[in-house]
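So the structure is just underneath, and the comments pick up after that.
Chain naming here is simple, since letters A, B, ... match the order of the sequence lines and numbering starts at 1 in each. What's counted below: heavy atoms across the whole structure, side chains too, no hydrogens, waters or symmetry copies.
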Amino acid sequence: MSSIDKSKIDTTASRTRILNKLGATLATGKDRDARAEAVKTHLRQHKRNLVPERGNVEGAERIALFRAQAEAVAASVVEVKSADEVPEAITAHLREHNLPARVKHGDDPGLTGLPWGKTPTLERDSGPANGDDAVSLSRAFSAVAETGTLILVSGADNPTTLNFLPENHIVVLDAKDLGGAYEDAWDRVREAYGAGTMPRTVNMISGPSRTADVEQTIQLGAHGPRSLHIIIVNGE
Amino acid sequence: MDITSPAFKSNVKRALADKQLQRAMGNVKVGFVKKRSAARDKLPEFDQLRDQARDIKDHTLEYLDLYYEIYEQKVREAGGKVHWAATAEDARDIILKICQAHDAKTVTKGKSMIAEEIALNEHLEAAGITPVETDLGEYIIQLRNEPPSHIIGPAIHLNRDQVEASFRRAHDHLPDERSLDEVSELVDEARQVLRQKYIDADVGITGANYLVAETGTSIIVTNEGNGDLTQSLPKVHIVCTSLEKLVPTLEDVSTILRVLARSATGQEFSTYTTLSTGARREGDPDGPEEYHVVILDNGRSDMLGTEFQDMLRCIRCGACMNHCPVYHSVGGHAYGWVYPGPMGSVLTPTLIGVDKAGHLPNASTFCGRCEAVCPMHIPLPKMMRHWREREFEHHLTPRTVRTSLGIWAFLARRPALYHLASSVFIRALKLLAFGRSRLKSVPLAGGWTRHRDLPMPEGRTFQEMWRAGGHE
Ligand code: SF4
């Protein structure tokens, strides 16, 4: 990919000055090859540091932990037995919260391929958010039980703006994509995109938007979604 | 922003007399402190993670030049561009040029302390570009034309009624009779007002909590989602950051993220942690077409290899100020520049000069709480001592202040200053009283009493005076 830059700014002189200064302090008297090797090795191995025990659970326990953690930060969570039940779970949620029967989502086959015929009254739009959508729908790339955190990645399948602009966000999570710790999610990202490569945006989302900027009083729905609803597809 | 650090003492006096401020600061000492300790208790490995977080940053700093070469390469591969800024002025100019190349009229901004450090808003405004702060706290202080008073809660010095007054003044297109009695009503109104601004902005500017060398990624951590709207809707995303933000791998940043939110707000994890790598990809329906990272040095490279190097580990969590009795007493504005509290007392003299900020390292009771709660184990009190020694060497301290006795004489001859010093310390004492039976050092006089209690008139110690004043 080539770099686009209309402004044609050249900061090479500052770059040289700053990096030389760092080098003069850090590299003087040290073996050049050994330093380079230390850095390469560290990156290649990308070793895990201490991972808290909390996330070290599997199966039903992992799902239970994810649920508890997500609910603790004000997300709502339901479980369904198969992907086929997702459309009805969505309409049930919309009805319960008096939300319009209309959702916007991207091209993710895991969403477009759902049996939407079961919910004929539910309207669907596709594409990125434009500011008028009340409810968006995304599919999580992964999730982390440790803190009830969803991992969403950008692209036509799940446009990033859908995670932030609509007032209500519904996310479908396949239980088999749920990991225990953040590090599990990075392994999945490396597997999907190649080591050292990332999608444009990775969003780690724990609950709906909030602020405590006025008198430290927590208030949900600051600029991002006021509500976050997670549908876990747990086919066992 | 204007630097008022040289006037620290009169700033303090004003702060202590400011009832609104004193009321607002009441929220800080209870809220943050309790929440952090609850979060720590919930994670048994918290202290081990702190040790590792420190080691990760130390390792990165040792190889910073090499990690940056790799980071820069990765950003380029992802279609982004890294710009190097030796000074604040350089950084402002780079950002302005990028905005001008896109004929920007308005830019939205996520919270960035680096943008504050380089006084970006003033610079953009002078060039006819309107910066719109989108973090609620930053938005409030922008309306009030005030600097932030806390690195993670910029409007922490304000009360609800002051915010209401600012909104009524600024949002005069809305009906006068609307209710703004509840915090929720204020948040909703800001949400409504800012909504269209996100969509209309030509450029979005955010900070970065971290940069990741392995992938060429920048990371922002927020709760509101404003940073994400700021960076995903406009055509151009500029990341405004500084030299010490780099970490090697995603695993390394995960460890640091585990201590960040817990130390800062007492959350287990912030609502949004967003990793951005380069520009919009082929087939992406949204996201910025250009991605620029401006890396500011501004004196940081000079700290490497000195007794202030450890300060480069700072992850700007704010725990040190949340637990600082002096900060609780005087608030953030008294420190007179961008970074308040203990971390500011160490960093500010480095960035704007000890001649201007030499008073700040004295603003300490040396109670040690800042170092005790710092997730990165930064020896803040020790570094404040270093500064005082340097200030002393540079003869910046008046001659009469160079001995403890000299200081006492100095204060005694200036009743107003004495009153001021003691009123800070009395307030500080209240906070220190729990868990401490003896006061070894005194705010403002701290540096002067490194190895002994401050000599008092008529042989009285501060403790005796404290009790005589009816305090226990
Ligand atoms: S010095 Fe430590 S406690 Fe203070 S902001 Fe920096 S990392 Fe946090």
Side-chain angles (χ1 to χ4, degrees), chain A residues 1 3-7 9 11 14-15 17-19 21-23 25-27 35-36 38-39 42-43 46-50 52 127-128 131 147 149 154-156 159-161 164-165 182-183 186 196-198 200-207 209-211 213-217 219 222-224, chain B residues 27 31 43 45 48-49 52 63-66 76 79 81 83-84 86 90 94 97-98 101 136-137 155 160 163 183-184 186-187 191 199 214-215 217 223-226 228-229 232 248-251 254-255 268-269 271-277 280-281 283-287 290 297 301 304-305:
Chain A
M1 218 175 297
S3 119
I4 323 153
D5 175 17
K6 274 198 195 168
S7 46
I9 298 165
T11 62
S14 293
R15 177 189 191 275
R17 193 144 38 108
I18 294 168
L19 289 183
K21 195 156 31 142
L22 296 183
T25 312
L26 300 171
R35 288 187 84 234
V39 164
H42 189 98
L43 293 176
H46 54 80
K47 273 199 200 131
R48 291 184 176 203
N49 304 299
L50 174 72
T147 46
T149 302
S154 58
T160 299
T161 45
F164 296 98
L165 207 48
Y182 310 127
E183 286 82 349
W186 306 141
T197 311
M198 295 280 272
R200 151 64 201 169
T201 310
V202 177
N203 293 119
M204 306 175 79
I205 300 180
S206 314
S209 146
R210 68 202 59 207
T211 182
D213 272 349
V214 184
E215 293 189 352
Q216 297 219 332
T217 309
Q219 184 62 45
H223 295 282
Chain B
N27 295 327
L43 189 68
E45 295 94 342
Q48 278 165 280
L49 290 167
Q52 292 198 345
Y63 297 99
L64 197 60
D65 51 337
L66 300 181
R76 211 177 304 132
K81 187 164 177 187
H83 306 269
W84 298 83
D90 290 352
I94 293 165
K97 276 192 196 140
I98 299 170
L136 179 59
R160 192 207 55 78
V163 179
V183 171
S184 61
L186 293 167
V187 173
R191 182 185 172 105
I199 297 170
E214 177 193 6
T215 50
T217 298
N223 280 316
E224 298 184 2
N226 66 304
D228 290 281
L229 291 167
S232 59
T249 65
L250 295 169
E251 280 73 9
S254 302
T255 300
E268 296 246 301
F269 211 56
T271 306
Y272 301 114
T273 298
T274 298
L275 294 80
S276 304
T277 312
R280 181 192 286 219
R281 310 290 164 80
D284 281 0
D286 55 14
E290 284 190 25
D297 181 352
S301 58
L304 272 180

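Residue A:Pro159 comes nearest to B:Pro285 through the heavy atom pair CG-CG, 3.7 Å, listed as atom of the first residue, atom of the second, then distance. A:Arg200 approaches B:Arg280 most closely through the heavy-atom pair CD-N, 4.3 Å.
For the pair A:Pro52 and B:Leu49, the minimum side-chain heavy-atom distance is below 4.5 Å. For the pair A:Met204/B:Tyr272, no side-chain contact is recorded, criterion being any heavy-atom separation below 4.5 Å from C-beta on. Looking only at side-chain heavy atoms (C-beta outward), B:Glu224 and A:Arg210 stay at 4.5 Å or farther from each other. Counting heavy atoms from C-beta on, the side chains of A:Ile9 and B:Ile98 come closer than 4.5 Å. Considering only heavy atoms from C-beta on, A:Met198 comes within 4.5 Å of B:Leu250 through its side chain. Side chains of A:Thr25 and B:Ser301 form no contact here, defined as non-hydrogen atoms less than 4.5 Å apart.
Note: B:Asn223 CG to A:Thr211 OG1 = 7.5 Å, rounded to the nearest 0.5 Å. Note that CG of B:Leu229 and OG of A:Ser209 are 8.5 Å apart. Values are rounded to the nearest 0.5 Å. Distance CG/B:Leu275 to CH2/A:Trp186: 4.5 Å, rounded to 0.5 Å. Atom-to-atom distance recorded for B:Leu304:CG and A:Lys21:NZ is 9.0 Å, nearest 0.5 angstrom.
The greatest number of non-hydrogen atom pairs below 4.5 Å with chain A, out of B:Pro248, B:Gly283, B:Ala155, is found for B:Pro248. The residue among A:Leu19, A:Asn49, A:Thr160, A:Leu22 with the most heavy atom pairs within less than 4.5 Å of chain B is A:Asn49. Comparing B:Leu186, B:Val187, B:Val163 by how many heavy-atom pairs each has under 4.5 Å with chain A, the most go to B:Val187. No other option in B:Thr277, B:Asp297, B:Ile199 has as many heavy-atom pairs under 4.5 Å with chain A as B:Thr277. Between chain A and the residues B:Lys97, B:Arg160, B:Gln48, the most heavy-atom pairs under 4.5 angstrom are made by B:Arg160. Across B:Ser184, B:Gly287, B:Gly225, the residue that shares the most heavy-atom pairs under 4.5 angstrom with chain A is B:Ser184. Top candidate by heavy-atom pairs under 4.5 Å with chain A, chosen from B:Asp284, B:Asp90, B:Leu136, is B:Leu136. Taking chain B as the reference chain and counting heavy-atom pairs below 4.5 Å, the highest number among A:Gln219, A:Glu183, A:Glu215 is found for A:Glu215.
For B:Glu214, the parts sitting under 4.5 Å from any heavy atom of chain A are the backbone and the side chain alike. Both the backbone and the side chain of B:Leu64 come within less than 4.5 Å of a heavy atom of chain A. Proximity to chain A is limited to the side chain of B:Thr217, based on heavy atoms less than 4.5 angstrom apart. For A:Thr201, the parts lying under 4.5 angstrom from a heavy atom of chain B are both the backbone and the side chain.
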Could you give me the CA-CA distance, side-chain angles and deciding distance for B:Asp228 and A:Asn203, then say whether side-chain contact (heavy atoms from CB on, under 4.5 Å) is met?
CA-CA 9 Å; B:Asp228 290 281; A:Asn203 293 119; 3.5 Å; yes
Begin from the C-alpha positions of B:Thr274 and A:Val202 and carry the test side-chain contact (heavy atoms from CB on, under 4.5 Å) through to its verdict.
CA-CA 6 Å; B:Thr274 298; A:Val202 177; over 6 Å; no
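Of the possible polar contacts, one joining the B:Arg191 side chain to the A:Gly224 backbone as a donor-acceptor pair under 3.5 Å is found. A donor-acceptor pair under 3.5 Å links the side-chain atoms of A:Thr11 to the main chain of B:Trp84, judged by distance alone. With hydrogens and angles disregarded, a donor-acceptor distance shorter than 3.5 Å links the side chain of B:Gln52 to the backbone of A:Leu50.
We find that B:Asp65 and A:Arg35 are joined by a salt bridge, their nearest charged nitrogen and carboxylate oxygen being less than 4.0 Å apart.
Judged as a side chain to side chain contact (heavy atoms under 4.5 Å, CB included), and not counting sequence neighbours, the contacts of A:Thr147 are A:Arg54, A:Thr149, A:Tyr182, B:Arg262, B:Glu268, B:Phe269.
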